[in-house]
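Notes to accompany the following structure.
We count ligands from 1, going down the list as the structure has it; atoms in each ligand are counted the same way.
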Amino acid sequence: MNKFEQLGLNESLLKAINDLGFENPSEVQEKAIPLLLEKDTDIVALAQTGTGKTAAFGFPLIQKIDPENRNTQALILSPTRELCLQITNEIKLYSKYIKGINTVAVYGGASITEQARDIKRGAQIIVATPGRMQDMINRGLVDVSKIDFCILDEADEMLNMGFYDDIVNILSTSPDDKSTWLFSATMPQEVARIAKEFMRKPLEITVGHKNSGSSTVSHEFYLVNARDRYEALKRLADANPDIFSVVFCRTKRDTQAVAEKLIEDGYNAAALHGDLSQAQRDSVMKSFRNRQIQMLVATDVAARGIDVDSITHVVNYQLPDEIETYNHRSGRTGRAGKLGTSIVIITKSELRKISAIERIIQQKFQEKTIPSGIEICE
Ligand code: ADP
Ligand code: MG
């Protein structure tokens with residue numbers, strides 16, 4: 001008997017897990033799955049990014065869904081369309097040996113009528129961004145009056161993005177006796193407030209240290225003159241020919257500009273930001289997953305929650321405005337036990353931010369120098 005069997009999962013799920021190649025449950029899965037299977041409870045689960053939270057709620061949820069009943073039974077809220085699509089794919093993989101479970105993704109930037117039609121055909125599980133979900137509820141396109149489960153995934157990121165009101169509305173319009181499962185990497189005040197006001201005595205599961213970064217990630221900074229940022233990025237790429245990375249910029253404009261320059265200079269790069277159409281974003285993500293793109297230049301919003309295997313480097317081309325966001329950026333690497341490096345390209349005037357970040361991630365940065373070529377560091 002492997003450890004997944006001991007958690008109480010059924011044959012169909014165990015077969016799917018076997019296909020996925022998961023050998024043993026991660027810590028958050030080991031703690032959450034038996035609890036969610038056995039009890040009708042609300043739960044708050046805090047675990048760093050990359051610890052397998054999707055399966056921690058996905059497996060027990062699928063086991064609890066009634067495939068014969070075509071009503072919407074579960075609503076999973078998640079911060080971005082990319083993440084909605086990713087969770088939907090995962091849920092489909094987990095439930096592939098169970099007939100009759102339909103999962104539909106609902107998010108902005110795509111046809112609301114098509115999404116409504118897909119739901120009408122019978123979707124037991126809806127995976128939605130809060131904004132689009134609220135919109136569909138307002139227009140009477142979806143019925144959440146019979147849901148048994150509401151899952152808030154990446155709750156801290158959803159609240160960071162300003163979805164507090166939508167989440168509260170959705171939680172209030174759905175049945176009082178549903179179970180609410182909240183998954184988050186960190187527990188900022190707004191998350192605590194939701195747990196306190198909208199959940200019934202939630203059980204709390206914590207994996208690792210609250211608010212701490214992942215120990216599989218090492219953090220480095222490179223001190224450069226502002227005008228040398230781009231040159232520094234190129235040198236880093238040259239020094240790491242197998243680099244597979246997300247390069248974060250602060251604005252859509254910078255994201256587009258850096259990606260264009262990289263492409264012009266012969267690197268496998270592409271931009272991901274909110275000004276692209278949904279089709280463009282999907283195609284960029286597909287090429288990135290297939291490794292046709294080595295450097296995905298992205299804004300924070302576009303890259304939120306993206307889980308692509310084996311990202312070697314996260315590059316902070318510019319630091320985020322909110323230093324808490326650094327945690328989410330660096331969480332793109334070092335996932336599922338693999339090692340990764342998070343790099344900050346920084347100028348002298350921003351240097352004090354490093355110690356603020358160190359306090360948040362509870363890890364120290366190493367100062368590095370830009371590899372070879374003419375001296376570009378101060
Ligand atoms: P989180 O939501 O906590 O950031 P994800 O659910 O996105 O993490 O999972 C991160 C990665 O780990 C995914 O690629 C997933 O397929 C993989 N993973 C999840 N659980 C396991 C497991 N038990 N064994 C091996 N890999 C796993
Ligand atoms: Mg997740």
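Counting atoms of ligand 1 from 1 in the listed order, those under 4.0 Å from a heavy atom of Gln48 are 3 (O). Of all atoms in ligand 1, listed by their number and element, those nearer than 4.0 Å to a heavy atom of Thr54 are 2 (O), 5 (P), 6 (O), 7 (O). Residue contact check: Ser26 has heavy atoms under 4.0 Å from atoms 23 (N) of ligand 1. Taking a cut-off of under 4.0 Å to the non-hydrogen atoms of Thr49, the atoms of ligand 1 that pass are 4 (O). Remark: ligand 1 atoms within the under-4.0 Å shell around heavy atoms of Glu154 are 2 (O). Of all the atoms in ligand 1, the ones that sit under 4.0 Å from a non-hydrogen atom of Thr51 are 1 (P), 3 (O), 8 (O).
Residue contact check for ligand 1: Phe4 places a non-hydrogen atom closer than 4.0 Å to it. For the ligand labelled ligand 1, residue Ala47 lies outside the 4.0 Å heavy-atom shell.
Between Arg229 and Glu350 there is a salt bridge, since at least one side-chain N of the basic residue sits less than 4.0 Å from a carboxylate O of the acidic one. Salt bridge annotation for Asp238-Arg235: absent, with no cationic side-chain nitrogen under 4.0 angstrom from a carboxylate oxygen. Taking the charged nitrogens against the carboxylate oxygens, Lys234 and Asp265 do have a contact shorter than 4.0 Å, which makes a salt bridge. Between Asp19 and Lys15 there is no salt bridge, since no side-chain N of the basic residue sits under 4.0 Å from a carboxylate O of the acidic one. A salt bridge does not link Asp148 with Lys178: none of the charged nitrogens is closer than 4.0 Å to a carboxylate oxygen.
The six-membered or imidazole ring of His313 lies away from that of Phe244, with a centre-to-centre distance of 6.0 Å or more. In summary, the aromatic rings of Phe57 and Phe183 are positioned with their centroids under 6.0 Å apart. Taking the six-membered ring wherever Trp is involved, the centroid distance between the rings of Tyr326 and Phe365 falls below 6.0 Å.
At least one N or O atom of Lys53 sits closer than 3.5 Å to an N or O atom of ligand 1. Ligand 1 has no N or O atom lying under 3.5 Å from any N or O atom of Phe22, backbone or side chain. Where the criterion is an N or O separation shorter than 3.5 Å, residue side chain and backbone included, Asn24 meets it with respect to ligand 1.
Residue contacts with ligand 1, taken as heavy atom pairs separated by less than 4.0 Å, do not involve Gln86 at all. At a 4.0 Å heavy-atom cut-off, ligand 1 does not touch Phe59 at all.
Residue side and main chain included, Glu154 places an N/O/S atom under 2.8 Å of the Mg ion (ligand 2).
In this model, a donor atom of one side chain and an acceptor atom of the other lie less than 3.5 Å apart for Thr186 and Asp156.
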